[in-house]
2 protein chains.
Amino acid sequence: MSPAGSGDAGAAAKGDGSPTVGPERHRNAVQQAAARLFSEKGFTATGVREIAGEAGVDPALVIRYFGSKEKLFLRTMTMSVDFADLMGGPLDGLGERAVAFVLDRTRGLVVNGPDATRSYSAGVFAALLRASDRPTVRAHLAESVEEMFVGLVAGRLSGADADLRARLMAAQLTGLMTAMHVVEDPGLTDASDADIVRYYGRSIQQLIEG
Amino acid sequence: MSPAGSGDAGAAAKGDGSPTVGPERHRNAVQQAAARLFSEKGFTATGVREIAGEAGVDPALVIRYFGSKEKLFLRTMTMSVDFADLMGGPLDGLGERAVAFVLDRTRGLVVNGPDATRSYSAGVFAALLRASDRPTVRAHLAESVEEMFVGLVAGRLSGADADLRARLMAAQLTGLMTAMHVVEDPGLTDASDADIVRYYGRSIQQLIEG
DNA sequence: GTCTATACACAGATAGAC
DNA sequence: GTCTATCTGTGTATAGAC
């Protein structure tokens, strides 16, 4: 598909904070390859030997560095709260903005820093949800939802059952992402973003207001 | 936990349509054990040998009967459209009714007929979603959502973008089930059903009406 | 013919050699 | 610190016992 993992090229120098030279470089290469493969092919279909092959290292190193395939998955498929800003606006129209944000990131690819994974992407969420058969993955997913969707808006809602309403709003956003990236309903993925924002956003807004 | 697979006992005679005697009985025992284990422990954590053990048959038979563990999973974790009746009522209050239905079946266990799997349960949905890493499972899930949520209400909505609105409504129901049975948010599972029905139902109703 | 026992293939994980 | 060889466990296929 996309010529993303161009491989050997792009070995340009970094600044100073996070070195791309020395032993760290192998570790980073594994992490980057894993992030790409996991978010594209999923946990099950991605093998340790495949990750190692793309990163240009020995398969045993992958385990040695990260403990297990599952740990590596958890480390790379981590979403951060970088859209705290978006939620920080006025309550008016927050529903529409939240939906628009989710749709905007719908095709986004994973971007990793050298030490921790940053930048949210719907692909990450889908990969987590698809692999939620495993308890550790489920816990990780729950933590992410709590941190990203619930926590950011819970304190801002007023009126009765504010916490419950925030969680129901999180459930709605989860549902939209699930429908688009797991169920992959063509009726949704082919629909115009503007329409989805309008209808779904209005529905969410209903929860934000009492 | 439950003494479900009581095994040898209960070998009572059946009517005439579907025999519980002879070779069919083993097949049925496997299916029943699989349904219970899959919906309780998930696809990955449930082994073929474990299913065979609980059913009291040889592990090889499981594969011989159903082709593969995945095929068996698909066959047992199938939801039917037995709640077509519930959706058949008036459009007024349909949102609340849909949410109430989902919550009602929230703790239901899987019940299988001898030939096909019947009776919807949220556990089945959760098991499917959790195992959606596999393409066949994902296709099966998409089919179920289309058949159960979208198809039943799509023709009934009027106004602009009726199909899109029906799919968005399906996404919301999906989200509620995901939040409760995959993410397992305690703030939702411990909340009163009446509150959830009220808030979430009202939100869904917004989509039903233009 | 139907079930049982055994053998194979593949992936993740480990222990030891350069 | 990095790679080679091996082990374990799971899904799957086959050949033999009643």
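Protein chains get the first letters and strands the later ones, always in sequence-line order, with residue 1 at the start of each.
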Value in whole Å for how far the P atom of D:dG16 lies from CZ of B:Arg64: 14 Å
Donor-acceptor contact below 3.5 Å, side chain A:Arg167 vs main chain B:Gly187: no
Donor-acceptor pair under 3.5 Å, B:Arg49 side chain vs D:dG11 base: yes
Side-chain (B:His26) to main-chain (B:Gly56) donor-acceptor, under 3.5 angstrom: no
Touch class at under 4.0 angstrom, heavy-atom based, for B:Thr46 against every strand present: sugar-phosphate
Residues A:Arg198, A:Glu96; criterion salt bridge (Lys or Arg N to Asp or Glu O under 4.0 Å); working and verdict: CA-CA 7 Å; A:Arg198 185 153 38 92; A:Glu96 282 81 358; over 6 Å; no
A:Phe43 and A:Phe38 aromatic ring geometry - parallel, tilted or perpendicular at 30°/60° bounds: parallel
Nearest-angstrom distance from the residue atom CZ of B:Phe66 to P of D:dG11: 16 Å
Distance-minimising heavy-atom pair for B:Ser132 and B:Arg138: O-NH1, 3.0 Å
Nearest-Å distance for atom pair NZ/P, residues B:Lys71 and D:dG11: 16 Å
Nucleotide C:dC3, atom C1' - distance to CZ of B:Arg25 in whole Å: 15 Å
Flag, side chain of A:Lys69 to backbone of A:Thr46, donor-acceptor distance under 3.5 Å: yes
Touch class at under 4.0 angstrom, heavy-atom based, for B:Gly56 against every strand present: nothing
Rounded interatomic separation in angstrom, taking CG from B:Asn28 and C1' from C:dT2: 17 Å
Residue whose nearest DNA chain C nucleotide is more 5′ - A:Glu70 or B:Tyr65: B:Tyr65
Selected nucleotide, minimal atom distance to B:Asp58 side chain, candidates D:dC3, D:dT10, C:dA5: C:dA5
Pi-cation contact, B:Phe66 with B:Arg27 (under 6.0 Å, within 45°): yes
Closest listed nucleotide, where the reference is the side chain of B:Ala60 and the choices are D:dT2, C:dA13, C:dT4: C:dT4
Phosphate contact (C:dT2 OP1 or OP2) by B:His26 side-chain N/O below 4.0 Å: no
Length of the line joining B:Lys69:NZ and C:dA11:P, which is rounded to integer Å: 16 Å
Within residues 128-140 of chain A, residues whose heavy atoms come under 4.0 Å of DNA chain C: none
Rounded distance in Å - CD (A:Glu50) to P (C:dC10): 15 Å
Listed nucleotide nearest any side-chain atom of A:Leu61, set C:dA13, C:dA7, D:dT2: D:dT2
Separation of atom CD1 in B:Ile63 from atom P in D:dT14, rounded to whole Å: 12 Å
